Amino acid sequence: MTALDVRPLARLGTAVRTAGLSHRLWWPATACLVALVELGAGALGLWWVTAAVGAVVGASALRKRLWALTAGTAVGWLAGILLQSGGQTIQIGGVVSAEVFNARSLGWLILVVAVVYALLLALAGAWIGASARRLTARNRARPARPMAAEPAAAPDPAAEPEEASNV
Amino acid sequence: MKPRLTKRRISLRIADCLGAVLALGLIVVLSATGLGPVPALAAVLTPGTGVWHLSPDAGTATSGTLTLPGLQQPGTVAFEPDGATHITAATDQDLFRMTGYVDARFRLVQMDLERRQAESKLAAVIGQNGLSSDEFEDNLGVMRTADRDWTQMGPNDPARIALESYSQGVNAAIDQLKAAHQLPTEFKLLGYTPAPWTPLDSLGIQVLMTQTLSYSDSALPASYLAKAFPANVFNALYPVVADNPQTPYDPGPYKKLPLSPLPVMVDPGPSGPSGGAAPGPQAAGSGGPFGQLISRVAALPVNAQHYIGNSNAWAISGSKTASGQPILAGDPHLQLTLPSDWYQLEATSPSYHFTGVQLPGIPLPIIAKTNSISWSVTSSEHPVTLYYVEKTSASRPGQYYYNGSWRTMRTENYTIDVKGKHPVNYQVAFAAQGPVMQDQGYTAAVWWAGSLPSDDIDSMLKVMVSTSFIQFKDALKGWLAPALNFVYADNKGNIGVIDAGIAPQVPGHNISLPLPGDGSADVAGSIPYAALPTAYNPPDGYIASANNREVGASYPYEFSTSYNFADAGYRAQEIVEQLSKPGQQTPQMQQQLQASLTDSLAQGLVPQVIKAMEGQPMTAEQRQFLSLLSSWNGWMGTNSPQAFFFQKYLGVATYAAFGPWFKYYKVPDGWPQAPLALKPTGENFSSSILASDLEAWAQTDPDNPLFSLPDGTSRDAADVLRTAYTETISMLTKSYGTDFANWDYGKHNSRIFPSLLSVPGFNYGPIEADGDSRTISPAVPILAPGPAEGPTEGTTLVNNNKTSVPTGVVTAGASFRFVVNWGTGATTGVLPGGDSENPISPWYSNGITQWLKGEQQPLLEGPAAEKAATIKWRFTS
């Protein structure tokens, strides 16, 4: 394996797909996992975890991974903000907007900025992850349709499943 | 077919990767350090460590057990539902520790910004906007003074012990807030964490407060008036003692004693050998010798020099009270910022027990009641800032002429950090009398009493354990600056006052004007303590101090003048009038008096106006309004058209009376903070003095030649008052119509309680304002950081009138009201603000409503406080 070998992650995606989990459920499940991780990391002030999670998700071969990442990040950060601010989210945002924008009524905008910032972190990480995956990808054969009576060829350990790239 | 890894495909992948790295790099930089005006986003927006992490002072305090390292024994801090704070400590040092902790928990931003201002470190966090303040403080030498004072404190000095204990408390709070990621939002937005607190920080804030109360540039604009007018005209318009009735609390007889020694230069001066060239002479025609200096001062934060000192304090002897025991009433006047300058608390330890107010950053009360005594303070407005005009020469750069020879100015170099820019090098030059407060050309060395070695903290510690006026007065011998009238009442039936503080003397020279710097007018000494104004159990049964001149005209020393910078005395006049009425005084009457809106000048002048208009032909509006004026008692209330009329009338009348002489003698326009040219509207450096001249002469000297015109046209007071009346009615009718309800004072004057951070969204107001600079409850315009027109969001005007309020925004007034009744030992008070600096805290501005109504609440002590407190912090070490 090279240092940037992301094949295990790709195999994970394959394994998840072939494990029998309905394909409609895996991305919400991923989103929940992302949200939980980022909720915990945000509570500890570990903002960089958002980028790291994005990198992991971006490097994976999961379908609809971007949806999962953005939904999970938004939920995770929003939940973290609401929990930390003890019900005074908009008021706290108003203090910031008063100092930054000279308008105390724009507290909601600060909340939006925070979530957008989190999404940018996550997507920047995802881009890195996907880039790394693409950079290390070799030519991959599309999986052949099963044909009768042909002797099975030895599986090529270097082969990777082809998939549409959407990052 | 398998897709081939073509060169193009590889290039695209590399470009893709580079793009991703750049994007991530950018977002990481923005997160970690910020970029340009954008703060470090992670520090601001991350849920657990950013602004969202609820600061503990965002709500009321919550009960619990807290640790305070260094605490000698367990202690408690109890809070009433409105935030009233009660500290109980088992040792004296613990008291200061816990006070430091409480101050830091609720006022850390205020304390940090104030110490930065004192230490010339504002620009390091707020950028270029703070540079002029930093340069000024380096120039004035606040920290040179604080450094020297700290160095001179011995290891067993009670002041040193108090300051060190206080610092421990502050640092305990800072450490806890940092560890919990709960520092106030402002630190996260500005991108720094507060440095540990040291005693030097407290001393810096103390010197800064001294600067606020006593550093005055009145001598400079006065010098232009003195140059413009002939001596007889200047002396008539700007007398030593104002011509309106005065009420000095020390009417004499006076002692003439030898002066106490004072150094020629009180600033500690440069710390090392001088280096570098001092500024050379300024090119001629650049606004006069003080033009640039005044402009620089004008650009400073509002607390950098004395703009308001209109405090009141009075004491009533038991012979005049219903209880038979003294009453003390005090209300110090400052900018009414949010948070307030004050923190109100009750504090108890083995040696000390007081209820009063302290300045966050300094562990001791400035106004308080103890078990035995009580005191409040007013500024003693005599010159303690002397300006020396140095003789310089273009052919001798960096030199000045002193005592017969040319001398080289000593210099000290400072480096000022400026956020986002390169550090700025700043050089301070010193002449014989002090630091040179000028950039180029004309130079003025400043002798400022605040630079003297200070024993203020030791003095206050002694005051806190005094049990008699003799001990009280003795304790204040070491109080050098700011000069304050300490008004006193005790539980043994005594009242008194002492004007404590240095009063520099320069025999043969007028210290109210700039002095020659050639050595002929150096400070010779101070009025000795034994000769300073004082009173004790006066026969009249009361003592009143309201920044008026404390002594009569026969006082044998240079003291305040009408132009530098004593109050004309109208508040004192009203206080004395009320206290001298027959009948017994009660604490409730003092609360009402503190909220009085009677303008004594109006009471004196308006009858003269009415008399001048008798028998004169008038329009319907003039006649109608005169009838209204006849029934007016001088009350400057919000619903009073007469009050608004008078506010405008005074400017018009003063201009009508003296404007021609200002033009005739070509008085220059002046500068933003000290306009000299007389105009019919707007405040002016001489407004209050000329108004008192007008009122006094209208009553006692109506044929004064200065009422006539320079061209010889004869006029008297009645002519002037008449002309001004018709002009004012015409002006108001044209602007606001003939419906006098539109002339209501409150519709044209508004009050803002400005945010200390100058964030308009944190202001309270605008609301309709009442009062003026002469009412006991004053309304003084200093600055309006928020919009002057229309209400700020989140506030409503008193009458829900959301139309613009375009004139007269006031931001200063009674920053605390306090009445002590020694008959019962009970104290009442109100702070126009709250304990917390956090705008979303219910303790941010909760005192304002009560303050606006003129009400006060009991300041509970001891068991009563214990019972009322609903929140408790138990401290362990």
Side-chain angles (χ1 to χ4, degrees), chain A residues 38-39 41-48 51 54-55 58 76-89 91-105 110-111 113-114 117-118 120-121 123-132 134-135 137-142 162, chain B residues 1-5 9-10 12-28 30-32 37-39 41-55 58-59 181 184-186 188-190 755 757 759-763 786-787 792-794 838-841:
Chain A
E38 298 199 12
L39 179 64
L44 297 172
L46 304 176
W47 56 273
W48 51 267
W77 272 66
L78 206 53
I81 287 169
L82 291 172
L83 277 172
Q84 295 290 341
S85 55
Q88 300 204 60
T89 312
Q91 292 91 323
I92 293 172
V95 167
V96 176
S97 69
E99 297 189 32
V100 174
F101 301 126
N102 225 21
R104 199 164 170 181
S105 59
I110 303 300
L111 184 60
V113 166
Y117 163 71
L120 287 173
L121 262 178
L123 291 173
W127 190 359
I128 278 279
S131 289
R134 282 192 287 274
L135 204 58
R138 296 186 186 181
N139 287 331
R140 295 186 288 265
R142 289 192 182 276
E162 279 196 10
Chain B
M1 287 290 289
K2 296 177 186 176
R4 294 179 65 183
L5 271 178
R9 212 171 164 82
I10 292 170
L12 280 174
R13 285 187 184 180
I14 291 172
D16 171 51
C17 194
L18 281 174
V21 167
L22 274 169
L24 187 65
L26 179 63
I27 198 89
V28 165
L30 282 171
S31 299
V38 179
L41 293 179
V44 175
L45 298 174
T46 308
T49 53
V51 299
W52 309 109
H53 192 60
L54 201 59
S55 168
H181 303 291
T185 300
E186 288 73 21
K188 294 170 184 173
L189 286 174
L190 290 172
S755 150
L757 302 177
V759 176
F762 299 160
N763 294 351
T792 54
E793 50 190 321
N838 192 321
I840 65 176
S841 167

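Given the structure is predicted, the values throughout are model-derived calculations rather than measurements. Side-chain atoms are counted along with the backbone in the values below, which use heavy atoms only and exclude waters and symmetry mates.
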Chain A interface, residue from [options] that has the most non-hydrogen pairs under 4.5 Å:
{"options": "B:Leu757, B:Leu41, B:Leu12, B:Leu18", "answer": "B:Leu41"}
{"options": "B:Ala23, B:Ala32, B:Gly48", "answer": "B:Gly48"}
{"options": "B:Asn838, B:Thr49, B:Ile840", "answer": "B:Ile840"}
{"options": "B:Thr185, B:Val51, B:Leu45", "answer": "B:Leu45"}
{"options": "B:Val21, B:Leu22, B:Val28, B:Leu24", "answer": "B:Leu24"}

Exercise. Are any non-hydrogen side-chain atoms of A:Tyr117 and B:Leu30 less than 4.5 angstrom apart?
Worked result: no
Exercise. Which atoms of A:Ile110 come close to chain B, meaning under 4.5 Å heavy atom to heavy atom: side chain ones, backbone ones, both, or neither?
Worked result: both
Exercise. Under a 4.5 Å heavy-atom cut-off, does chain B meet the side chain of A:Ala43, its backbone, both or neither?
Worked result: backbone
Problem set entry | Non-hydrogen atoms of B:Thr46 and A:Gly42 that approach each other most closely | CG2-O, 3.7 Å
For this session: Specify the closest pair of heavy atoms between B:Arg13 and A:Arg134, including all atoms of both residues, with the distance to one decimal.
Result: NH1-O, 2.7 Å
What part of [X] lies closer than 4.5 angstrom to a heavy atom of chain A: side chain, backbone, both or neither?
{"X": "B:Leu189", "result": "side chain"}
{"X": "B:Ser31", "result": "both"}
{"X": "B:Ile14", "result": "both"}

Exercise. How many angstroms lie between atom NE2 of B:His53 and atom CD1 of A:Ile92, to the nearest 0.5 angstrom?
Worked result: 10.0 Å
For this session: Would you mind telling me which of A:Gln91, A:Gln88, A:Glu99 has the largest number of heavy-atom pairs within less than 4.5 Å of chain B?
Result: A:Glu99
Exercise. Which one of A:Leu44, A:Leu78, A:Leu39, A:Ile81 satisfies the side-chain contact (heavy atoms from CB on, under 4.5 Å) criterion with B:Pro47?
Worked result: A:Ile81
For this session: Please lay out, stage by stage, how B:Trp52 and A:Thr89 fare under the test side-chain contact (heavy atoms from CB on, under 4.5 Å).
Result: CA-CA 7 Å; B:Trp52 309 109; A:Thr89 312; 3.8 Å; yes
Exercise. Would you find a donor on one side and an acceptor on the other, under 3.5 Å apart, between the side chain of A:Arg104 and the backbone of B:Gly761?
Worked result: yes
